[in-house]
Amino acid sequence: MTNLKYMIKEAFNNLGRNALVVLGAILAVFISLTLTFGTLIFGEIVRVNTLQWAEDVRVIAFLQDDLAVEETAVLQNEVASWTEVADVSYISKSDAYDEAVILFADDDSMLSVLVDNPDLLPASLRVQPVDPADYEVIVIRLSSTPGVSEVKSAGEAIDAMIALRDGLRIMFWLLAVALGVAAIALIANTIHMAIYARREEIEIMQLVGASNWFVRTPFLIEGALEGLIGGALAVTFIVLAQQMAVDRLSQLPEWINLSIQNDFILRQGALVLLFGVVAGLVGSSLSLAVHRTLRS
Amino acid sequence: MIKLENVTKVYPGGTVAVKDVNFEVAKGEFVFLVGASGSGKSTLIRLMMREEPPTNGEIWIAGKHVTAMPSSKIPYLRRSIGTVFQDFKLLPTKTAYENVAFAMEVTGKNRSVIRNQVPQVLKLVGLSDKAERLPRQLSGGEQQRVAVARAFVNRPLILLADEPTGNLDPATSVGIMRILDRINRTGTTVVMATHDHAIVDAMQRRVVELDRGRISRDESRGIYESRPVGTAATEEVDLSEEPAAEQEPESVDASNSSSDDSSDSPEDIE
């Protein structure tokens with residue numbers, strides 16, 4: 001008990017004694033975790049926004065003109081039951097006509113053709129995939145479904161969107177991992193400096209018979225504290241920055257959404273804090289191990 | 001108390017520091033390790049405190065077989081060994097009192113025990129009135145006394161000293177030797193590596209001489225006889241308990257020039 005009190009006291013004393021080095025470590029953690037956390041948040045913003053694109057992905061199945069109303073309903077139910085399909089909506093001939101009239105409001109020649117032949121446009125099913133990447137499966141299944149005359153989708157656009165989304169996801173993860181590793185390395189380096197600055201004291205502790213844990217624990221506590229403080233600063237900074245961005249950039253185009261679910265921030269923030277502490281512990285353990293191998 | 005069997009230490013790079021050394025030290029003995037620089041004295045001390053393991057051979061310290069001791073056990077071995085070095089190894093940010101107390105704190109001693117023991121040991125080495133000084137406010141001799149106090153405060157079975165008087169002038173060295181002698185008389189085994197002729201000759205204790213890593217002489221009441229040509233040990237050393245003409249060197253700190261001689265004649269144990 002006295003030991004633990006002594007070690008915690010030692011850890012805090014060291015924080016004060018090596019104020020500059022400690023400040024450096026906290027700043028290092030703060031910066032690398034801010035970048036890590038910022039990357040996660042930005043990645044989430046991108047994910048939420050690309051999710052909206054995904055909602056706009058549709059496969060259109062034009063129906064044969066001779067399909068009865070009951071047959072159409074059966075077909076719609078069948079397609080809706082497919083696992084890769086999120087939603088199916090039926091666009092009747094008259095719906096299609098109404099849409100086309102609005103679409104070609106400025107084009108008199110098209111309008112006159114439409115008005116003369118209100119049955120020209122076929123009825124269709126608009127199918128929304130669960131995962132945009134599944135659109136091709138849906139296209140193939142629809143093509144071989146009786147009653148469907150033609151299947152259309154913006155294939156290339158969807159492919160490009162999926163590639164962009166996956167690329168961004170991977171990029172953000174790699175960035176977050178790289179920055180996390182950098183945080184650990186920076187903490188390890190700082191603790192290493194702290195140990196180097198105190199090598200005389202450590203040597204003397206070992207001379208008079210201080211147990212290994214007695215020597216190490218203050219450094220571990222120090223590392224964990226530096227990680228915790230740096231992590232807390234990073235989380236605070238990012239949360240404030242994100243809120244400011246939402247407030248200040250309210251005049252952004254509607255299709256960009258900067259706001260993020262609170263529970264995402266809470267969960268990721270807690271993870272970043274935990275990561276800070278773990279990085280501190282790992283960093284100080286690493287430098288202790290290095291120190292030990294250097295000594296022997 | 002100490003036993004070395006066929007101990008050899010080869011450093012990386014092939015330097016043979018100690019070769020096939022056998023020797024035994026009984027409880028309560030006082031042994032001088034002598035020999036030229038590089039003869040292996042310091043290596044033997046480091047092997048005995050298990051700062052490093054021997055390349056070959058077996059070592060027993062205070063009843064423990066330390067040759068293959070796992071590093072987690074070494075701290076407990078160290079608690080039965082006191083160590084004193086040429087460069088004192090004091091913590092510059094701690095006072096004399098705190099430096100001595102440190103040795104008890106790190107081993108988890110009760111605070112009341114520390115408060116009781118530290119002043120006693122500081123009194124033994126004659127530094128009661130300088131307990132609150134920082135090392136830089138003490139003379140070399142006084143710093144070494146703090147180091148000896150720290151080595152002794154946990155009442156070790158063995159005290160290992162590596163050139164404890166190497167940085168001190170002859171008169172100050174005598175003061176340190178008196179304290180080591182007193183500690184030895186409490187039953188603590190003392191092994192001291194030195195090349196101080198005058199001290200070895202005056203103490204008339206067991207002398208183990210090393211020559212290029214091997215023991216070349218082991219006498220129960222020896223002198224430092226193998227003097228290099230041209231360095232005659234002319235100083236007369238008086239180790240008697242009567243107040244001697246012992247003088248402390250001027251303190252490093254100018255503010256510490258108060259000539260209080262009381263600290264130079266340490267009181268007896270108990």
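Below, read A as the first sequence line, B as the second, and so on, with proteins coming before strands; counting in each chain starts at 1.
- Considering all non-hydrogen atoms of both residues, Asn212(A) and Ser71(B) come closest at ND2-O, 3.5 Å.
- Considering only heavy atoms from C-beta on, Ile204(A) comes within 4.5 Å of Arg150(B) through its side chain.
- Checked against ring-ring contact (aromatic ring centres under 6.0 Å, His included), Tyr11(B) has no partners two or more places apart in sequence or in another chain.
- By the 6.0 Å contact criterion, CZ on Phe237(A) is open, its count of non-hydrogen atoms from other residues, nucleotides or ligands being 12 or less.
- Within the 4.5 angstrom heavy-atom criterion, only side-chain atoms of Pro92(B), from C-beta onward, approach chain A.
- What you find for Val106(B) and Val208(A) is that their closest heavy atoms are CG2-CG2, 3.3 Å.
- Listed for the Arg79(B) side chain is a donor-acceptor partner under 3.5 Å among the backbone atoms of Gly209(A).
- Using a 4.5 Å heavy-atom threshold, the side chains of Tyr76(B) and Ser211(A) count as touching.
- In this structure, CD in Glu200(A) is found 9.5 Å from OG1 in Thr93(B), a value given to the nearest 0.5 Å.
- For Lys64(B), the side chain to side chain donor-acceptor pair (under 3.5 Å) criterion is met by no residue, not counting sequence neighbours.
- For Leu90(B), the part sitting under 4.5 Å from any heavy atom of chain A is the backbone (N, CA, C, O) and nothing else.
- We find the CD-CE distance between Gln206(A) and Met49(B) to be 9.5 Å, quoted to the nearest 0.5 Å.
- Side-chain contact between Leu207(A) and Phe85(B) is present, with at least one heavy-atom pair separated by less than 4.5 Å.
- For the pair Ala210(A) and Pro75(B), the tightest heavy-atom approach, listed with the atom from each and the gap, is O-CB, 3.4 Å.
- Residues Phe214(A) and Glu105(B) come closest through the heavy atom pair CZ-O, 3.9 Å.
- Within the structure, the salt bridge (charged side-chain N to carboxylate O under 4.0 Å, His left out) test picks out the following pairs touching residues 82-93 of chain B (sequence neighbours left out): Glu203(A)-Lys89(B), Asp87(B)-Lys89(B).
- By a heavy-atom distance cut of under 4.5 Å, not one residue of residues 53-60 of chain B is near chain A.
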